[in-house]
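Because the structure is predicted, anything quoted here is derived from the model rather than measured. Here is how names work: the chains are called A, B, and so on, in the same order as the sequence lines, proteins then strands, and each is numbered from 1.
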Protein chains: 2
Amino acid sequence: MISDVARAATTSDVFNAIAEPQRRQMLVLLRAGEWPVTELAQELGMAQPRASKHLRVLREVGLVRDRKAGKQRLYGLDARGLRPVHEWTGGFERFWAESFDRLDAYVHDLKQQRQED
Amino acid sequence: MISDVARAATTSDVFNAIAEPQRRQMLVLLRAGEWPVTELAQELGMAQPRASKHLRVLREVGLVRDRKAGKQRLYGLDARGLRPVHEWTGGFERFWAESFDRLDAYVHDLKQQRQED
DNA sequence: AAATCATATTCCTATATCGGAATACGTCAA
DNA sequence: TTGACGTATTCCGATATAGGAATATGATTT
């Protein structure tokens, strides 16, 4: 009996995929073009199996595509999946400008509060 | 001896904080203004402790601020932390337009390849 | 102080992940 | 076929979470 409780969504969505710093680095490198696993690994200073695992996650969420190229396997970027993330955060754009004022007010209130304690 | 290996970064950064769907929903609700925990929980159909835990994560990464309001504690949005995410994904903007073409070509190649197998 | 309402925390369990090491798999060349 | 090279997978171990339930903490009112 496999309980479905505990950890809801997993690495199978883009938000989770890019939550890992090293995977983000990989995506950045891939903007320059296609890379074989080994070179990516070397560039990022990680062992090859580790690179392969991260690439697998990226592939599973569709951020990366691979194709055979002789002995090698070249990984390439498919950035379309990042668009929803960009748009989601974009929905907060007007707030992070606002936040400054609001925050100032907030901090001000806090100080008042402290003095009153 | 606490090994530092295993899971690199944790919930202590924004990317991870927003990797959780429910936390994203919270942030969206918070755009409408400040909310007490209980109402947020109810709106999202989750128990109060759960909401508190998620809010704690959001607070720790700075996406949310709270202030006392009588018996209640009102949570408010501080969207500034989302800006880096927006900008990071924005760095791929020109690629997700491109991707269509590149992908078409890719898929085309794939078909060729399959036929040759 | 006691009761009450609002929120945070703790304890426990199930699972998800990351990393390393070893190894399996695939492909090309001799 | 056998090497050799490039890449993926499997098998650990350690840790990070998420959720639930129960409980502790805070603040307000009577």
Residue list, salt bridge (charged side-chain N to carboxylate O under 4.0 Å, His left out) with A/Arg50, at least two apart or on another chain | none
Within the structure, does a side-chain N or O atom of A/His54 lie under 4.0 Å from either OP1 or OP2 of C/dG19?
-> yes
Does B/Arg56 place a side-chain N or O at less than 4.0 Å from the phosphate oxygens OP1/OP2 of C/dT9?
-> yes
Close side-chain approach of A/Leu44 to A/Met26, heavy-atom, < 4.5 Å | yes
Side-chain contact, heavy-atom cut-off 4.5 Å: B/Leu27 with A/Trp88?
-> yes
Which of these nucleotides, D/dG19, D/dA8, C/dC18, is closest to any side-chain atom of A/Arg59?
-> D/dA8
Under 4.0 Å between a side-chain N or O of A/Tyr75 and OP1 or OP2 of D/dG6?
-> no
Can you tell me if the side-chain N/O atoms of B/Arg50 get under 4.0 Å from OP1 or OP2 in D/dA18?
-> no
Only one of A/Phe95, A/Trp96, A/Phe92 passes ring-ring contact (aromatic ring centres under 6.0 Å, His included) with B/His86, and that residue is A/Trp96
Mind listing the closest non-hydrogen atom pair of B/Asn16 and A/Ala19 along with its distance?
-> ND2-O, 3.4 Å
Examine D/dA18: is either OP1 or OP2 under 4.0 Å from a nitrogen or oxygen in the side chain of B/Arg23? Give yes or no.
-> yes
Round to the nearest Å and state the distance from B/Leu40 atom CG to C/dA8 atom C1'.
-> 15 Å
Check nucleotides 21-30 of chain C against the protein and report each pair of N or O atoms closer than 3.5 Å, with its distance, or say if there are none.
{"from": "C/dT27", "atom 1": "OP1", "to": "A/Lys68", "atom 2": "NZ", "distance (Å)": "3.3"}

Got B/Glu43 and B/Trp35 here, is their nearest side-chain heavy-atom distance under 4.5 Å?
-> yes
When you measure from the side chain of A/Gln72, which nucleotide among C/dA6, D/dG6, C/dA8 comes out closest?
-> D/dG6
